J.: 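My structure is below; once you've seen it, I'll send some questions.
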Amino acid sequence: MGFVASFLIVYGVAGVVLGAAFAIAIGRCLHHRRRSQVAAYARSPSTSPGAMREGFALLRGEVGAEDSAPDDAVIAVEIPCGGRPVPGATPGAWHTRARAFSLRLPSGAAVRVEPASGRLTLDTTFVPASRGGALVYRSEVRPGDAIYIAGSVRREIDPSAAGKGYRDAAQAWVLRAPAHGNLCVSSDTVIAHHARRARFHRAWALALGAALTGLHLGLFRAFHAGVFGALGPAGGIGIGPAALALFFVGAAALAYRTLAEQTSPWTELRVERPRTA
């Protein structure tokens, strides 16, 4: 094979395709790890409130009951499932109710959760239910529930508590939606799925990285040396090694994509939203 064709196989196919699969595996691993790793100060019962830090965090705690509505759901989401429209809701739209609540961490520290309209995601189990004769998928978070919630933790002035004057106002930890993204509530099952997906993509990242390294340091080593002038002018790669490389790269990328789809614990649910004029 000619030098140009060999160059495209080595750096275009083997480098870009296998390298892209490797990068995707790393990205997915980091994504699921971020969604499953609880902040250190929210894991231990012995952690002091002073150990809390501002910034994005995944917290786990128990939803506190408010005196005004101790039994009402603090978050409720309903998704219409076709058929008759949901009474009181825009046809095809999600029906969401949310109010501020406290999250009690294992250490005893409390975090005030402030859900914002349109910036809330329930990454939990939705169950079929009936509302006014219409079929919906419903998920609720109630006082006493143990939940995982991810968002931006900040130290803010607490208007409900008295400080020592305007120079020393009382402060409290508040959890809101991050600047770019939603406040995400998850269940134990979903967090366990994210942890397993992180391990899955990490294993594939290691395998694809090893394959990429082995391919370029093994089969393509002489070609690399020729390109950089270590062994004189670079020649082409034989048809046999080129076909082997193409098969190996294609098989590895296809296997990763296929297994990632087949082992995914989530099923995509598409909900048609009405078009606005």
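Everything numeric here is computed off the predicted structure, so don't read it as measured data.
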J.: Do the non-hydrogen side-chain atoms of D188 and R60 ever get within less than 4.5 Å of each other?
T.: yes

J.: Got I191 and L58 here, is their nearest side-chain heavy-atom distance under 4.5 Å?
T.: yes

J.: Is any side-chain N of the basic residue among R142 and D72 closer than 4.0 Å to the acidic one's carboxylate O?
T.: no

J.: If you measure from the Lys or Arg side-chain nitrogens to the Asp or Glu carboxylate oxygens, is any gap between R104 and E62 under 4.0 Å?
T.: no

J.: Search all heavy atoms of A100 against all heavy atoms of P115 and return the closest pair with its distance.
T.: CA-CD, 3.8 Å

J.: Taking atom CZ of R199 and atom NE2 of H32, what is their separation to the nearest 0.5 Å?
T.: 12.0 Å

J.: A side-chain contact here means heavy atoms from C-beta on lying under 4.5 Å apart; do L103 and I147 qualify?
T.: yes

J.: Using the rule given for side chain to side chain contact (heavy atoms under 4.5 Å, CB included), can you reason through V74 versus V141, listing the C-alpha separation, both sets of side-chain angles and the distance that settles it, and then say yes or no?
T.: CA-CA 6 Å; V74 296; V141 176; 3.7 Å; yes

J.: Could you tell me whether the side chains of R196 and H193 share a donor-acceptor contact shorter than 3.5 Å?
T.: yes

J.: Please give me the minimum heavy-atom distance between C29 and A198, naming the atom from each residue.
T.: SG-O, 3.5 Å

J.: Please give me the minimum heavy-atom distance between P178 and L183, naming the atom from each residue.
T.: CD-N, 4.3 Å

J.: Given side chains that start at C-beta, do those of E54 and V153 come closer than 4.5 Å, heavy atoms only?
T.: no

J.: Rounded at 0.5 Å granularity, tell me how far CG in L30 sits from CD in Q37.
T.: 10.5 Å

J.: Going only through I, L, V, M, F, W and Y residues with side-chain contacts under 4.5 Å, is there a path from F248 to W204?
T.: yes

J.: Examine R34 relative to F56 and say whether NZ or CZ is less than 6.0 Å from the centre of the six-membered ring and inside a 45° cone about the ring axis.
T.: yes

J.: Could you tell me whether the side chain of S264 and the main chain of A260 form a donor-acceptor pair under 3.5 Å?
T.: no

J.: Side chains of V113 and L175: does their closest heavy-atom pair fall under 4.5 Å?
T.: yes

J.: I need the minimum non-hydrogen distance between R119 and G181, along with the two atoms involved.
T.: NH2-O, 2.8 Å

J.: Do Y148 and L59 have side chains that get closer than 4.5 Å, going by heavy atoms?
T.: no

J.: Are I149 and V38 grouped together when hydrophobic residues (ILVMFWY) are joined by side-chain heavy atoms under 4.5 angstrom apart?
T.: no

J.: Please give me the minimum heavy-atom distance between L105 and M52, naming the atom from each residue.
T.: CD1-CE, 4.2 Å

J.: Tell me whether I75 is reachable from V174 by hopping between hydrophobic residues (I, L, V, M, F, W, Y) whose side-chain heavy atoms are closer than 4.5 Å.
T.: no

J.: Any non-hydrogen side-chain atom of L208 less than 4.5 Å from a side-chain atom of L212?
T.: no

J.: With a 3.5 Å cut-off and no angle check, do the side chains of R197 and S36 form a donor-acceptor pair?
T.: no

J.: Are H201 and Y256 close enough that a side-chain donor and a side-chain acceptor fall under 3.5 Å?
T.: yes

J.: Flag yes if F22 and L259 sit in one hydrophobic cluster, no otherwise; membership is Ile, Leu, Val, Met, Phe, Trp, Tyr, and two members link when side-chain heavy atoms are under 4.5 Å apart.
T.: yes

J.: Salt bridge between R176 and E156, side-chain N to carboxylate O under 4.0 Å?
T.: yes

J.: Between W173 and R155, is there a side-chain heavy-atom distance shorter than 4.5 Å?
T.: yes

J.: Measure the spacing between CG of L122 and OG of S186 and express it to the nearest 0.5 Å.
T.: 8.0 Å

